[in-house]
K.L.:
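What follows is a structure written as structure tokens; I'll ask about it next.
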Amino acid sequence: MLLPVALIAGIAVLSEFLSYILRRGGIVELPASDPDYVNKRHKYIDKSLYVMVHIVIVLTLTMFPSYRILIFLLPVLHYAYLAVMWHRTRIPGGRRTYLLSVISAVLFLTGAVLYGFFNMG
């Protein structure tokens, strides 16, 4: 039970640290408000994935411990989807906010690999 929580905490800290470095270096500029959605379908899929990720995290931590790898794989799907959609809304020479989602997706994928490695025994 402690391993997934520790990995998620580490992912959150690393994600914020890398986000800070990208913003500080001028590589990524955060918009004044939330980024616009490409269309309504993008908005509904994003909201659905967000809700699904949180439901799965609660259910796997409390009731289904054998499916805890989903704690890491569903956020990968969500952040990868966000990266693709934010990349589609990118303004030429603009903010590159999709990089923040790419970083989070890669960190969650790394968390899935580490969880699988340490949970094998």
Side-chain angles (χ1 to χ4, degrees):
M1 174 73 170
L2 184 62
L3 180 62
V5 174
L7 285 173
I8 289 174
I11 288 169
V13 169
L14 274 174
S15 177
E16 286 300 315
F17 177 70
L18 293 173
S19 171
Y20 173 77
I21 289 174
L22 289 176
R23 285 184 280 127
R24 180 87 177 200
I27 297 170
V28 174
E29 296 176 25
L30 293 178
S33 64
D34 288 337
D36 295 330
Y37 291 105
V38 175
N39 52 32
K40 284 187 179 183
R41 182 176 44 187
H42 171 219
K43 178 180 178 180
Y44 295 136
I45 292 173
D46 178 36
K47 300 291 181 187
S48 299
L49 283 172
Y50 181 80
V51 169
M52 190 183 333
V53 164
H54 286 84
I55 289 172
V56 166
I57 287 174
V58 169
L59 286 177
T60 56
L61 285 177
T62 57
M63 297 173 59
F64 303 107
S66 60
Y67 295 113
R68 285 192 181 151
I69 194 75
L70 292 177
I71 292 173
F72 302 102
L73 295 180
L74 281 177
V76 169
L77 176 69
H78 183 226
Y79 284 117
Y81 180 76
L82 282 177
V84 169
M85 288 299 122
W86 284 1
H87 183 61
R88 292 180 83 193
T89 61
R90 182 176 62 138
I91 301 167
R95 324 181 269 265
R96 299 187 202 168
T97 55
Y98 64 92
L99 290 175
L100 300 176
S101 291
V102 170
I103 287 173
S104 296
V106 169
L107 287 175
F108 270 104
L109 189 59
T110 304
V113 170
L114 288 173
Y115 180 75
F117 179 74
F118 288 119
N119 200 29
M120 282 181 11

K.L.:
To the nearest 0.5 Å, tell me how far Leu114 CG sits from Leu109 CG.
P.N.:
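CG of Leu109 is found 10.0 Å from CG of Leu114.
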K.L.:
Pair Ile103, Leu22 - check side-chain contact (heavy atoms from CB on, under 4.5 Å), show working.
P.N.:
CA-CA 10 Å; Ile103 287 173; Leu22 289 176; 3.1 Å; yes
K.L.:
Give, for atom CG of Leu18 and atom CZ of Arg23, the distance between the pair rounded to the nearest 0.5 Å.
P.N.:
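Rounded to the nearest 0.5 Å, the CG-CZ separation comes out at 11.0 Å.
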K.L.:
Applying a strict under-4.5 Å side-chain criterion to I, L, V, M, F, W and Y, I'd like to know whether Ile55 and Ile57 cluster together.
P.N.:
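Yes, because Ile55 and Ile57 connect within a single hydrophobic cluster, where side-chain heavy atoms sit under 4.5 Å apart.
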K.L.:
Transitively linked via ILVMFWY side-chain contacts under 4.5 Å: Val13 with Tyr20?
P.N.:
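They do not share one cluster, since no chain of ILVMFWY contacts under 4.5 Å joins Val13 to Tyr20.
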K.L.:
What's the separation between atom OG1 in Thr110 and atom CD1 in Ile11, rounded to the nearest 0.5 Å?
P.N.:
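These two atoms lie 7.5 Å from each other.
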K.L.:
What are the two closest heavy atoms between Pro4 and Ile71, and how far apart are they?
P.N.:
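Shortest heavy-atom contact: CB-CD1, 4.3 Å.
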K.L.:
When you measure from the side chain of Ser19 to the backbone N and O of Ser15, does any donor-acceptor pair fall under 3.5 Å?
P.N.:
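A pair under 3.5 Å: no.
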K.L.:
How many angstroms lie between CZ in Arg41 and CE in Met85, if you round to the nearest 0.5 Å?
P.N.:
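Those atoms lie 8.0 Å apart.
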K.L.:
Can Met52 be reached from Ile8 by stepping across I, L, V, M, F, W or Y side chains whose heavy atoms are under 4.5 Å apart?
P.N.:
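Hydrophobic grouping puts Ile8 with Met52.
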K.L.:
Measure across Val102 and Ala83 and return the closest heavy-atom pair with its distance rounded to 0.1 Å.
P.N.:
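Closest approach of Val102 to Ala83: CG2-CB, 3.7 Å.
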K.L.:
Establish whether Val58 and Met63 are linked, either directly or via other cluster members, by ILVMFWY side-chain heavy-atom contacts under 4.5 Å.
P.N.:
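Per the 4.5 Å side-chain linkage, Val58 and Met63 are not co-clustered.
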K.L.:
Nearest 0.5 Å, please: how far is CG in Leu49 from OH in Tyr81?
P.N.:
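The CG atom of Leu49 is 7.5 Å from OH of Tyr81, to the nearest 0.5 Å.
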K.L.:
Grab the two heavy atoms, one from Leu82 and one from His42, that are nearest each other, plus how far apart they are.
P.N.:
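Answer, listing the atom of Leu82 first, then His42: CD2-NE2, 4.5 Å.
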K.L.:
Suppose the criterion is ring-ring contact (aromatic ring centres under 6.0 Å, His included): which pairs have a residue in residues 57-76, not counting sequence neighbours?
P.N.:
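Listed once each, the pairs are Phe72-Tyr115.
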K.L.:
Which atom pair, heavy atoms only, marks the closest approach of His78 to Val53?
P.N.:
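Closest heavy-atom pair between His78 and Val53: CB-CG2, 4.3 Å.
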K.L.:
Applying a strict under-4.5 Å side-chain criterion to I, L, V, M, F, W and Y, I'd like to know whether Leu74 and Val84 cluster together.
P.N.:
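Both belong to a single hydrophobic cluster.
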K.L.:
Looking only at non-hydrogen atoms, find the nearest pair between Leu73 and Ala112 and report the distance.
P.N.:
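Smallest heavy-atom distance, with atoms named: CD2-CB, 3.8 Å.
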